[in-house]
Amino acid sequence: MEMPAIVLIGAQWGDEGKGKVTDLLGGQVGYVVRYQGGNNAGHTVITPDGQKYALHLLPSGVLTPGCTPVIGNGVVIDPKVLIAEIDGLAERGLSCERLLISADAHLIMPHHRALDRVVERYLGSARIGTTGRGIGPAYGDKVARVGIRVQDLLDPGILRKKLEMVLREKNQVLVKVYNRKAIDVGAVVEEYLAYAERLRPYIADTRLVLGRALENGETVLLEGAQATLLDVDHGTYPFVTSSSPTAGGACVGSGIPPTRISQVIGVIKAYTTRVGAGPFPTELFDDNGTHLAKVGVEFGTTTGRPRRVGWFDAVVGRYAVRVNGISDLVVTKLDVLSGLPKVPICVGYEVDGQRVDEMPMTQTAFHHATPVYEELDGWWEDVAKARSFADLPLNAQRYVERIESLCGARVSVVGVGPGREENVVRHPLV
Ligand code: GDP
Ligand code: IMO
Ligand code: MG
């Protein structure tokens, strides 16, 4: 029987806890595929033996025995970072021998990292607040058709030729516009050919492998990085990443057709966080914000930057449900909200004196949006031990039910702690 593909995405601005949820499902799926982004992602997974892992490029399924992790064609790969991640896991006794890397995925090159940094500096107060990993420039080159792909590592002649061509232009930009040093073609070719030797065993035609896996009755989980509001089309442009984290991107970035996708799981935090610049209507600048950041340990997994923190935004949640076709929501970090007398939920915005219930059409309007709150009563109990919905305090149940009705998708799982077991399961996900 042909089995389905399941997509898992972030519903807000990232760091919703996607890594934990992917890991939770790892035991029930044959393949976990990353389909976009690069090492701008930071996915934290805590395995049942209490080991903590921060994954950047490797799909979270790498931690589950028997699961095949796949890096799809839509990902941009910094090979040095990937090799370091593989070696880091090996040191901790975990093998990546099943890993498959798409021959069509693009490579992050030294000029991408250099340009990411200088362009941000050049933008000054208009900067995006990128992770500085070269993500935007790598996707830019991909779309401009001057990118270098994983398969080019297998053909040294082609690698050199493509690099010579692209650096002819990029070096002019680095030197003449940004006053940086030119990048030496020979040194880069030598460096990347060494990576080629390490990565060669993993390189595969992943869309063929995944197509066959589905035909053979395997279940495939497509793990998104970043999130809906960071999507280059559907997010808060230009304060976005350069790929398509939304569910539609899963097809493009893996080669799995839309007709195979049976379910879209949206991971959403019980409040909101954002790293980097850009509009954020429910952002808190008071003691409540400090409290949530502290209890929720809101520091970036990749850059260590403090995350901006705010109340739950149901306009964003509803938007994510619509754009991704979310069938199941996983509300994470409910435990962080324990101990607040009142828990506000943003149910709409006021934009220039007008009440709106949906994401405004223009960026200007979104910048002007101020939240309209509904105040729910809080709860004091520690919820970390709750495993069924009835174990949650009544006010916590009401909070989850309100999220459900405002967002328009059922809440199937509620996270009550970072560990794999720390969940309230209302409806099994797979
Ligand atoms: P991702 O990028 O979406 O995978 O999320 P990150 O790993 O960057 O950030 C989520 C953080 O929240 C991690 O430190 C997780 O260990 C933690 N986490 C996930 N779910 C829960 C939860 O239900 N409760 C608590 N307290 N922490 C959680
Ligand atoms: P995960 O997968 C949160 C943000 C950056 C910046 C913007 C563009 O862990 O949820 P980029 O380097 O991608 O060009 O930066 O996107 N950003 C993230 N924020 N979580 C992430 O990943 C992010 N990846 C990128 O902070 O605002
Ligand atoms: Mg993260």
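When a ligand or atom number is given, it counts from 1 through the structure's own listing order.
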For [atom], state which one of [options] supplies the nearest heavy atom.
atom                    : options                : answer
atom 27 (O) of ligand 2 : T301, V275, T303, I135 : V275
atom 16 (O) of ligand 1 : A225, P418, G300       : P418
atom 18 (C) of ligand 2 : T273, T302, L230, D15  : L230

For P48 and E421, work out which heavy atoms get closest and say how close.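 Heavy atoms of P48 and E421 come nearest at CG-OE2, 4.0 Å.
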
Return a yes/no value for [X]: is any of its N or O atoms, backbone included, closer than 3.5 angstrom to an N or O of ligand 1?
X    : answer
D335 : yes
G17  : yes
G42  : yes
T44  : yes

Under a heavy-atom criterion of less than 4.0 Å, does [X] contact ligand 2?
X    : value
Q226 : yes
E16  : no
G42  : yes

Please work out whether any backbone atom (N, CA, C, O) or any side-chain heavy atom from C-beta onward of [X] is under 4.0 Å from ligand 2, and answer side chain, backbone, both or neither.
X    : result
R274 : neither
H43  : side chain
R305 : side chain
W13  : backbone

Identified side chain to side chain contact (heavy atoms under 4.5 Å, CB included) counterpart of [X] within the set [options]:
X    : options                : answer
Y35  : I256, I9, V252         : I9
R180 : V173, V118, N171, V175 : V118
V413 : L429, V267, L329       : L429

Can you tell me which residue and heavy atom of the protein come closest to [atom], and the distance to 0.1 Å?
atom                    : value
atom 13 (O) of ligand 2 : T241 OG1, 2.6 Å
atom 12 (O) of ligand 2 : T131 OG1, 2.6 Å
atom 11 (C) of ligand 1 : K333 NZ, 3.8 Å

Determine, using heavy atoms of [X] and all atoms of ligand 1, whether some pair is separated by less than 4.0 Å.
X    : value
E298 : no
G417 : yes
G14  : no

Stepwise side-chain hydrogen bond (donor to acceptor under 3.5 Å, both in side chains) check, D313 with Y349: CA-CA 10 Å; D313 188 335; Y349 303 135; 2.6 Å; yes

Within the structure provided, determine whether T302 and H56 are in side-chain contact (heavy-atom separation under 4.5 Å). yes

Check whether any N or O atom of R133, backbone or side chain, sits under 3.5 Å from an N or O atom of ligand 2, and answer yes or no.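 No, there is no polar N/O contact under 3.5 Å.
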
Please report whether ligand 2 has a polar contact with S242, defined as an N or O pair separated by less than 3.5 Å (distance criterion only). no

Evaluation steps, side-chain hydrogen bond (donor to acceptor under 3.5 Å, both in side chains), between T301 and R307: CA-CA 10 Å; T301 312; R307 295 176 183 146; 3.2 Å; yes

Flag the pair D391 and K385 as a salt bridge only when some basic side-chain nitrogen lies within less than 4.0 angstrom of an acidic carboxylate oxygen. no

Listed by chain and number, what are the salt bridge (Lys or Arg N to Asp or Glu O under 4.0 Å) partners of D377, not counting sequence neighbours? K342

With Y195 via ring pair (Phe, Tyr, Trp, His ring centres under 6.0 Å) - residues at least two apart: Y192

Atoms of ligand 2 under 4.0 Å from any heavy atom of G129, numbered from 1 in the order shown, are 5 (C), 6 (C), 26 (O), 27 (O)

Atom OH of residue position Y178 - does it have more than 12 heavy atoms of other residues, nucleotides or ligands inside 6.0 Å? yes

So for atom CG, which belongs to D286, do other residues, nucleotides or ligands contribute more than 12 heavy atoms lying within a distance under 6.0 Å? yes

Reported CZ-to-OG1 distance for the pair R92 and T47, which is rounded to 0.5 angstrom: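 Answer rounded to 0.5 Å: 7.5 Å.
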
Protein N/O/S atoms closer than 2.8 Å to the Mg ion (ligand 3): D15 OD1, G42 O

Test log, rule side-chain hydrogen bond (donor to acceptor under 3.5 Å, both in side chains), inputs D141 and H111: CA-CA 11 Å; D141 278 4; H111 64 272; 3.1 Å; yes

Please list all pairs meeting side chain to side chain donor-acceptor pair (under 3.5 Å) that have one or both residues in residues 123-133, counting only residues at least two apart or in different chains.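 Output for this query lists D116-T130.
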
